[in-house]
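Side-chain atoms are counted along with the backbone in the values below, which use heavy atoms only and exclude waters and symmetry mates. Lettering follows sequence order; numbering is per chain, from 1.
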Number of protein chains: 2
Amino acid sequence: MSRTIPEATVGRLPLYLRVLVDLAEAGGGTVSSEELAVAAGVNSAKVRKDLSYLGSYGTRGVGYDVAYLIHQIRRELGLTQHWGIVIVGVGNLGQALANYRGFAERGFQVAALIDDDPEKVGRSVGGLAVRALHELPGIVREAEVAIGVIATPASAAQDVADHMVAAGIRSILNFAPAVVTVPEGVTIRKVDLAVELQILAYYEQRKAALADVRRRGKAVAEAGPPATSRS
Amino acid sequence: MSRTIPEATVGRLPLYLRVLVDLAEAGGGTVSSEELAVAAGVNSAKVRKDLSYLGSYGTRGVGYDVAYLIHQIRRELGLTQHWGIVIVGVGNLGQALANYRGFAERGFQVAALIDDDPEKVGRSVGGLAVRALHELPGIVREAEVAIGVIATPASAAQDVADHMVAAGIRSILNFAPAVVTVPEGVTIRKVDLAVELQILAYYEQRKAALADVRRRGKAVAEAGPPATSRS
DNA sequence: TGGTGTGAAACTTTTCACAGCT
DNA sequence: AGCTGTGAAAAGTTTCACACCA
């Protein structure tokens, strides 16, 4: 029944969902694409196009019923069920993820924490005992873990991913700054904290360069003939 | 001089850079677009197109000089200078970011940690004393902070962003699950950990649904006439 | 010979603009 | 009268395929 949803749209549905949940708490019965767009920081045509991939859930002249739309997005994203996740790597980041409230709120339950450092195994983090990597297959089976999170140093990432795949995990979120390859049929996404900073640095540098050109332009204008080029 | 680089390319340059640095450590003098593509997990035409935006730094029949390419990408991304960053919000995530080695390795120095909880102010985290939010303008001026990182709960994010902008910060990385608006001229990027899991859940659910259809199809095939549709 | 650099084609995503429903 | 749903245009991105050059 459900047609394929473009990747770009899938990436925005969680955003709309968060905004809608906030709206629902504020008691909004219906919302227009324009209101939703402003709250999500995108434009309204995009909102309407995105939501149209889910079906025709709006009412012309009125808008979208907030509660109903929340339900439809949840269903489409597969959030009407709970998901078990396992975090491998209990360093600073792994611990922060283990304690992150936002996962549980959205239906993701940390079923286990794993680290191969014998020093860490057995310790309790966020109410969960840290376990060894070789226990992964059993954990995946018993706790029905669907998603694996890699929070190890880069050097361990590929090995951990291989263990995850062998244990039956088919969706992986990789926080390690390393390229990890997985077989066909396994989905992997990566989040690299330093990459985001580097992208910001690029645009920041451009702004500085631009300001510099303007300053020079102004200095020229003050000192001699006005610049003609506008570029 | 330097033409504008497409956003998609800017997003991949840090990835190439990481791979190239690894290659340089392994002693590689030159690298072909194909080798780089494999190591970065993309295709070689994309690598060549991306690198062509920086200029013609390759040699036909040979490839790219690893050290030279590293230098050019660093220069283009603005990584030849050091960047001061300030992290606001010293919860689990803020602490993990403060201790993250990957930032310093790439030229980002955490100049200050800020939290408005009086309990936390004055405490030392990762060798840095936590300071109060009202100190931000002075910190930005003295330490020449260019980038602000928001690691607070969603409810505080907009307020923190406003303080950052007022203090003169023009590039912000937001980890809080909230839409934050900033004035023209300020760049903001967001990383939402739960969003990534939701996207994975969507594709995982699709795979499950597909497997289900196949299973039914097989059952039908075993029980009666073979299915004709392939789709 | 081998691999870059790049027009052109294919595909994806965004935006426009308006018919059509409530 | 107002807002959705959507074709069609525009913009951006990826991939192809090959001329060109070390």
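- By the 4.5 Å heavy-atom criterion applied to side chains, A/Val165 and A/Ile169 are not counted as neighbours.
- When rounded to the nearest whole Å, the span between CG of B/Leu51 and C1' of C/dT4 equals 10 Å.
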Counting only pairs under 3.5 Å, give me each side-chain donor-acceptor contact of residues 143-152 of chain B, with atom names and distances, residues two or more places apart or in other chains.
none

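- The stretch residues 29-40 of chain B comes close to DNA chain C through B/Ser32, B/Ser33, each having a heavy atom under 4.0 Å from the strand.
- No hydrogens or angles considered: a donor-acceptor pair under 3.5 Å links the side chains of B/Lys207 and A/Thr187.
- Using a 4.5 Å heavy-atom threshold, the side chains of A/Val66 and A/Ile70 count as touching.
- Under the ring pair (Phe, Tyr, Trp, His ring centres under 6.0 Å) criterion, the residue pairs touching residues 30-61 of chain B are B/Tyr57-B/Tyr68, with sequence neighbours excluded.
- Within the structure, the side chain to side chain donor-acceptor pair (under 3.5 Å) test picks out the following pairs touching residues 190-203 of chain B (sequence neighbours left out): A/Arg18-B/Asp192, A/Arg189-B/Glu196, B/Tyr202-B/Arg206.
- Expressed to the nearest 0.5 Å, how far CG of A/Leu197 lies from CG of A/Leu193 amounts to 8.0 Å.
- Counting only residues at least two apart or on different chains, no side chain to side chain donor-acceptor pair (under 3.5 Å) pair has a member in residues 80-89 of chain B.
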Show me the donor-acceptor pairs within less than 3.5 Å that the side chains of residues 171-180 of chain B make with the rest of the protein, sequence neighbours left out.
| residue | atom | partner | partner atom | Å |
| --- | --- | --- | --- | --- |
| B/Ser171 | OG | A/Glu204 | OE1 | 2.5 |
| B/Asn174 | OD1 | B/Ala176 | N | 2.9 |
| B/Asn174 | ND2 | B/Ala176 | O | 3.3 |
| B/Asn174 | ND2 | B/Ala178 | O | 3.2 |

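- Looking only at side-chain heavy atoms (C-beta outward), B/Tyr16 and B/Leu69 stay at 4.5 Å or farther from each other.
- Each salt bridge (Lys or Arg N to Asp or Glu O under 4.0 Å) pair with one or both residues in residues 54-68 of chain B, not counting sequence neighbours, would appear here, but there are none.
- Against DNA chain D, the stretch residues 58-66 of chain A makes heavy-atom approaches under 4.0 Å through A/Gly58, A/Thr59, A/Arg60, A/Gly61, A/Val62, A/Gly63, A/Tyr64.
- Taking every heavy atom of residues 6-15 of chain B and every atom of DNA chain D, pairs under 4.0 Å involve B/Pro6, B/Glu7, B/Ala8, B/Arg12, by number.
- Between the P atom of C/dC21 and the CZ atom of A/Arg48 lies a distance of 17 Å, rounded to the nearest Å.
- Take B/Asp162 and apply the side-chain hydrogen bond (donor to acceptor under 3.5 Å, both in side chains) test, not counting sequence neighbours, and it matches B/Gln158.
- Remark: A/Arg12 pairs with A/Asp50 by the salt bridge (Lys or Arg N to Asp or Glu O under 4.0 Å) rule, at least two apart or across chains.
- We find that NZ of B/Lys49 is positioned 13 Å from P of C/dA9, with the value rounded to whole Å.
- Bracketed by its first and final contacts, the part of DNA chain D lying under 4.0 Å from non-hydrogen atoms of chain A reaches from D/dG2 to D/dA8 in 5' to 3' order.
- Using a 4.0 Å heavy-atom distance criterion, A/Tyr53 is classed as making no nucleic acid contact.
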